[in-house]
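Some notes on the structure that comes next.
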Amino acid sequence: MTPYDAPSPQAATARGPALIDGFGRTVTYLRVSVTDRCDLRCVYCMAEHMTFLPKAEVLTLEELDRISSAFVSLGVRKLRLTGGEPLVRKGVMGLFESLSRHLRSGALDELTLTTNGTRLAEFAGPLADLGVRRINVSLDTLRPDLFRRLTRGGELSKVLAGIDAAQAAGLAVKINAVALKDDNGAEIPELIAWGHGRGLDVTLIETMPLGEVETDRTDQFLSLKQVRQDLESFWTLQDLPLNTGGPARYVRVAETGGRLGFITPLSHNFCEACNRVRLTCTGTLHTCLGREDASDLRAVLRAGADDAGLVEAIRRAVDAKPQGHDFRIERSAEPAVARHMSTTGG
Ligand code: SAM
Ligand code: SF4
């Protein structure tokens with residue numbers, strides 16, 4: 001057995017507390033951005049002409065596996081691959097296949113991904129075969145022309161075909177929609193009803209000030225508090241106790257029977273329970289989405305660290321996880337954090 005094969009959660013605990021930060025929070029969830037590239041250019045996420053990273057800066061699939069598996073050995077129970085668009089990374093299915101050993105060993109509860117859905121028609125079946133059970137698909141509108149504009153050229157029909165394929169493969173699909181005042185604001189109830197009608201959870205996300213894009217984000221910002229009030233004028237929203245340790249709060253819509261989430265990253269209402277950290281595709285570990293704090297795990301790996309050295313670097317980084325973040329959209333359209341969501345991983 002290599003040091004990263006199938007460590008049991010008990011083993012992680014037996015070595016002392018797993019990954020516990022300086023504020024006593026246990027880290028059990030890792031999001032990994034496997035690429036900064038994408039086949040879409042969503043207006044709130046990327047600039048129209050993005051400069052992507054040189055290949056040498058991006059972690060190889062083996063490096064991604066090694067770091068992810070080190071986290072699993074330290075008690076991380078949930079792994080989400082994201083990007084950029086994870087399904088455009090060449091060989092990504094090999095990475096899923098390799099990481100799925102942790103599901104089979106019982107070390108990992110969940111292996112999942114966040115995707116724009118354009119390639120799901122091809123990959124949903126193989127992902128389900130590897131033990132992926134639930135996925136998040138980002139979809140902001142059901143209008144082909146608006147979809148094309150928001151994504152700068154994307155084809156809605158491909159995403160819908162991808163969602164069909166995912167459901168046919170038995171995957172539970174959650175739709176993530178960014179709320180954008182002038183674009184999909186009026187369409188939100190329709191999007192929710194559509195999702196719930198197909199048995200999909202729907203989560204709304206407030207825009208976050210991450211990375212430079214051409215548009216003024218304060219123009220697009222739509223408060224979910226406002227959206228919730230609007231929805232409550234014709235639907236009954238019943239609070240659900242579900243707490244994922246993240247910034248989402250959930251309700252049941254009595255009239256549709258479906259589950260609806262609200263992700264409000266700009267309010268400081270979830271930092272105390274935060275159980276997650278993020279690895280960029282260049283191997284930088286961010287222990288807080290809204291802060292610049294970062295540890296360079298690629299440098300540790302490429303300096304030839306052994307497994308113990310890597311684990312030590314991870315522990316040190318997690319120990320310094322900040323208490324909370326500092327987003328304030330009202331200040332300006334300037335990004336609070338310079339990196340793009342596509343680099344950090346949403
Ligand atoms: N490409 C995949 C996708 O779109 O699902 C995964 C990566 S994407 C960066 C992850 C999520 O971040 C998407 O749901 C996207 O809508 C969201 N996102 C990107 N930029 C954002 C921003 N500035 N504010 C809020 N959400 C954002
Ligand atoms: Fe690509 Fe996802 Fe960003 Fe859209 S939100 S540009 S699909 S990474």
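Not measured: the values here are computed from a predicted model.
Under the 4.0 Å criterion applied to side-chain N and carboxylate O atoms, E48 and R41 are not assigned as salt-bridge partners. Ion pair D239/R228 flagged as a salt bridge, since at least one NZ, NE, NH1 or NH2 atom sits closer than 4.0 Å to an Asp/Glu carboxylate oxygen. Contact check on R149 versus D140 returns no salt bridge, with no Lys/Arg side-chain nitrogen under 4.0 Å from an Asp/Glu carboxylate oxygen. One finds no salt bridge joining R298 and E63 here, because no Lys/Arg side-chain nitrogen approaches an Asp/Glu carboxylate oxygen to under 4.0 Å. At a threshold of 4.0 Å, the pair R101-D65 counts as salt-bridged, since one of the basic side-chain nitrogens sits closer than that to a carboxylate oxygen. Under 4.0 Å is where a charged nitrogen must lie from a carboxylate oxygen, and between D201 and R259 at least one such pair does.
In this structure, T28 and D109 have side chains that are not in contact, with every pair of non-hydrogen atoms separated by 4.5 Å or more. Side-chain contact between L111 and H102: absent, with no pair of heavy atoms (C-beta onward) separated by less than 4.5 Å. At a threshold of 4.5 Å between non-hydrogen side-chain atoms, the residues S33 and R31 do not count as touching. Considering only heavy atoms from C-beta on, L95 stays 4.5 Å or farther from R89 through its side chain. Put simply, the side chain of V58 does not reach to within 4.5 Å of the side chain of F52, judged on heavy atoms. At a threshold of 4.5 Å between non-hydrogen side-chain atoms, the residues L120 and I135 count as touching. Annotation: side chain of K78 is not in contact with side chain of N275 (no heavy-atom distance under 4.5 Å). Counting only heavy atoms from C-beta outward, the side chains of D183 and T141 never approach each other to under 4.5 Å.
At least one donor-acceptor pair under 3.5 Å links the side chain of R152 to the backbone N or O of M46. With R66 contributing its side chain and L61 its backbone, the two residues share no donor-acceptor pair below 3.5 Å. R77 places no side-chain N or O within 3.5 Å of a backbone atom of Y29 that could act as its donor or acceptor partner.
Across every non-hydrogen atom of L310 and V300, the tightest pair is CA-CG1, 4.3 Å. Annotation for L231 and L260: closest pair CD1-CD2, 3.8 Å, computed over non-hydrogen atoms. Closest heavy-atom contact between I314 and L297: CG1-CD1, 4.0 Å. Contact detail for L180 and N184: the closest heavy-atom pair is N-OD1, 2.8 Å. Minimum interatomic distance between T287 and A317 (heavy atoms only, all atoms of both residues): CG2-O, 3.6 Å. The two atoms that bring L108 and L99 nearest to each other are CD2-O, 4.4 Å, heavy atoms only.
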W194/L139 under side chain to side chain contact (heavy atoms under 4.5 Å, CB included): CA gap, chis, key distance, verdict: CA-CA 12 Å; W194 169 84; L139 177 61; 3.9 Å; yes

Side chain to side chain contact (heavy atoms under 4.5 Å, CB included), that's the test. Do T203 and K174 meet it? Break it down for me. CA-CA 7 Å; T203 293; K174 180 159 78 74; 3.3 Å; yes

Before giving the answer on side chain to side chain contact (heavy atoms under 4.5 Å, CB included), spell out for Q167 and L200 the whole-Å C-alpha distance, their side-chain angles and the decisive distance to 0.1 Å. CA-CA 9 Å; Q167 289 196 285; L200 312 172; 3.2 Å; yes

What verdict does the side chain to side chain contact (heavy atoms under 4.5 Å, CB included) test give for L74 and V318, after you've listed the backbone C-alpha separation in whole Å, the side-chain angles of each residue and the deciding distance to 0.1 Å? CA-CA 11 Å; L74 287 166; V318 167; over 6 Å; no

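Taking CZ of F123 as the reference point, atom OG1 of T118 lies at 9.5 Å (rounded to 0.5 Å). Expressed to the nearest 0.5 Å, how far CG of L156 lies from CZ of R143 amounts to 11.0 Å. One finds the CG atom of L113 at 4.5 Å from the CZ atom of F96 (value rounded to the nearest 0.5 Å). A distance of 8.0 Å separates CG of L81 from CG of L64, quoted to the nearest 0.5 Å. Note that the OG1 atom of T280 and the CG atom of D36 stand 9.5 Å from one another [nearest 0.5 Å]. Note that CZ of F221 is 10.5 Å distant from CD of Q226, once rounded to the nearest 0.5 Å.
With hydrophobic clusters built from ILVMFWY side chains whose heavy atoms lie under 4.5 angstrom apart, L160 shares a cluster with L191. Linking Ile, Leu, Val, Met, Phe, Trp and Tyr residues whenever their side-chain heavy atoms come within less than 4.5 Å places M93 and V32 in a single cluster. Both L142 and L40 are assigned to one and the same hydrophobic cluster, defined by single-linkage of ILVMFWY side chains at heavy-atom distances under 4.5 Å.
In this structure, K158 places its NZ atom where only 12 or fewer heavy-atom neighbours from other residues, nucleotides or ligands lie under 6.0 Å away. R134 CZ: 12 or fewer foreign heavy atoms inside a 6.0 Å radius.
The side chain to side chain contact (heavy atoms under 4.5 Å, CB included) with E85 is formed by just one residue from the set V34, D39, T35; it is D39.
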